[in-house]
Each structure stands twice: as C-alpha cells, then as structure tokens.
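Each remark here refers to the structure printed beneath this line.
Order of appearance sets the numbers: ligands from 1, and atoms from 1 within every ligand.
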Amino acid sequence: MKIRSLFLFLGMLFIVACQSTVQEEKKSNDSTSNEPAIVNTENFGIVIHGGAGTILKKNMSDSLEAAYNAKLEEAIRTGHEVLKNGGTSMEAVTASINIMEDSPLFNAGKGAVFTHDETNELDASVMDGKTLNAGAVSGVTTIKNPINLAVAVMDKSEHVMLSGKGAEQFAKEQNIPQVDPSYFYTERRFQSLQRIKEKEKTELDHDGKTAFMDPFIKESKFGTVGCAALDKHGNLAAGTSTGGMTNKRYNRIGDAPIIGAGTYANNATCAVSSTGWGEFFIRAMVAHDISALMEYKGLSLQEAASEVIQKKVPALGGDGGIVAIDKDGNVAMEFNTAGMYRAHMDKNGTLNVKIYKE
Ligand code: ASP
C-alpha cells in the first residue's frame, strides 16, 4: 500500500514537471515570434485634444464642424486600433498625433500658426509613464511631424530637449522626414496673422501695451494637438504638438514642449497633454501638478484636473484645458474656455467626440 502511494506521488510530480517545461517552452517561443509580447486583457483607453479656446458654435459653419469631427474621429480610431492590437501607449500617442499634424485643421504640423515674421516654428514633446523618459523639440521649422522627432530625442539621444537648427541637424542624422518651410503655409493661418497684426496696430497704439501683454493674445491660439493613452500592458504615455501662438516673436516657446507643463506621464498616476495660454501653463506646471495632486494628495484624476484647470490656471489669469487618462483608464477632458476639440475611446470602442461645452 505504501509503495503504491509512493508511485502515485512520484507520478504526479512527473506530470507537474512536464507541464511547467511546456509552459517555459511556450514563453520562450512567444518572445521570438512576431506577435506582440504577452498581451493581457487589462483596461486600455485613449483621449485626444485638438486645442482649446473661444470655439463657439455660432462662429462655426456646418461643414467646418463636420470636418473637425471627422478628423478627431480618424485620429482617435487610429490610436485606439494600435492599443487594441497590443501596441504601446507611445505608439498610439504618436499615431493619433500624426493624423492631426498632417491635417491643416489643427495648429500643429501642416496648419501651424504663423510667427510675427511670417514663419512657422513648431514645438512638441512626449513622455513615457513607465520609464519617466521624455523627449522634446522646440522652434523647428522643417520637421513634418515634430512629435516623431520628440520620440527620437527621447529614444536616440541622451538629451530631453533639442531646439532650432540643432534639432534639425539631429533629425537629419536620424532620417526623420523634413520638408521645405513652405509646406506649413495655409491661407487660413496666414490671414489670422494679418488680422492680428492689423488689430495690433490700431488697438495697441491706443493704450500703449506691448503685443505680448495684450488680452487679444487669447484669440491667437487654437488647435494645438495632444494625446494621452493607457495600453494593455498598463503603461501610460502622453504627447503634445503645436505651432504655438499666432504672432509670436523672439523665438517664443510655450508650454507644449516643456515636460511637466504641456506633457507629463507617470504610471503611478496619469498621463496629461495640455493646450492653452502657454505662459500660464508653464507657470502653473499644469501637467505635472495634476499628477502630483493625485500622487501626494490622493485626489482622483477628475478632482486634480478640475483643481488645476478651474482654479489654479484662472487664478493666474490663464485659460485652456487638458486631456488626461489615469492608470485605471479613467479619463478627464477639462477646460475653462468656450470649447475644446476633443475625443475619447475606451477599451470597448465607445466613441465620444466633442467640441463645445455641453
Ligand atoms: N499651449 C500652446 C502654446 O502656448 C498654444 C495652444 O495650446 O493653443 O504655445
């Protein structure tokens, strides 16, 4: 009887040992296959913005509104597809942003606003919530998709931010597509610059303020693009890309390429992309402050976003908004302006595209 039990015990041990060997083999095969690495069924989601500002229905034609809705939907579906297929949050962020950068509707890539000198100077940044690594570029004039250069700065250089000619030299070495600066010309943005310059002449002479201080600068920014995503591996990422503010001078740089102001991601809390009056977003360190309120004060994403966008930024005199997603897939789309181009898709593919306040 005792011998029978011993054999039974040894037999069971043998079966368990065989099973774990099969599992080990499966794991090592997986790592060499072209299929995405182990994809779990965790939550995932993506949220984008196409800029915040004085966006009013009464100023929008039906066809322009339809064009914005269609482009936002295309951008978010593109990023969502990446996530659904097990891609990383950083891949989803860049895929969504590339769609908006290539569209003349938004103030990023093609469609960027004009500087006072009638040029286009682009800024962008990305941050990886898992590694807390980040990349940014500012004041570039020939990069078709600045967000891709920001990723290259993060992945292929030992720096976080490159600017101007140096950034373009780096882009060349990394084979990042460059275009003639005339690529960024759009009649709509050029006319906006002319209108603002006209106003500047008449109104500023009157009260003697400098262009940078005048309140109508509020109307000079529209359409920065950004994205925040959570992937199936539990990793967060965020990115932001912009042409900055119409009529900007002196190589002015806004919040979009500043890590902690325009973009922030941390797997412990959330991923955030900002849009708005950059000077105030830099001073309020908007994106990092939202993360910090969650980390140090235990606020929810929505509570933290409201605190910063509805209280801290307006208290300084600034305006704008953010989109953000937290480590559990909760989303915030918070703004204190009349509207913000925005869209969200969750793991079930439920789509939410909006422009105005409800
Ligand atoms: N934040 C951008 C900047 O100040 C502008 C915008 O978001 O519309 O450059």
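Heavy-atom contacts of G244 reach the following atoms of ligand 1: 5 (C), 9 (O) (cutoff under 4.0 Å). Residue T224 has at least one heavy-atom neighbour below 4.0 Å for each of these atoms of ligand 1: 2 (C), 5 (C), 6 (C), 7 (O), 8 (O). Every atom of ligand 1 with a heavy atom of T275 under 4.0 Å away is listed here by number and element: 6 (C), 7 (O), 8 (O). The distance from ligand 1 to the heavy atoms of G278 drops below 4.0 Å at these ligand atoms: 4 (O).
For W277, no nitrogen or oxygen atom sits less than 3.5 Å from a nitrogen or oxygen atom of ligand 1, counting backbone and side chain alike. At a 3.5 angstrom cut-off on N or O pairs, A256 does not count as close to ligand 1. Residue-to-ligand polar distances keep E279 apart from ligand 1: every N/O pair is separated by 3.5 Å or more. The N/O atoms of D255, backbone and side chain alike, include one that comes under 3.5 Å of an N/O atom in ligand 1. The shortest N/O to N/O separation between G276 and ligand 1 falls below 3.5 Å.
Side-chain rings of Y250 and H116 stay apart, their centers remaining 6.0 Å or farther from each other.
Salt-bridge check for K197 with E200: failed, with every basic side-chain N at 4.0 Å or more from each acidic carboxylate O. By the 4.0 Å N-to-carboxylate-O rule, R195 lies too far from E198 to be salt-bridged with it.
A cation-pi arrangement is present between K110 and Y183 under the rule of less than 6.0 angstrom and at most 45 degrees off the ring axis.
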key: Verdict with reasoning, L83 to M345, per side chain to side chain contact (heavy atoms under 4.5 Å, CB included)   = CA-CA 11 Å; L83 296 173; M345 254 179 123; over 6 Å; no
key: Test side chain to side chain contact (heavy atoms under 4.5 Å, CB included) applied to T88 and K130, step by step   = CA-CA 11 Å; T88 66; K130 181 182 177 190; over 6 Å; no
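Proximity of R252 to ligand 1, defined as any heavy-atom pair under 4.0 Å, is confined to the side chain (atoms from C-beta onward).
A perpendicular orientation is assigned to the rings of F114 and Y185, their planes being inclined by more than 60° (bins at 30° and 60°).
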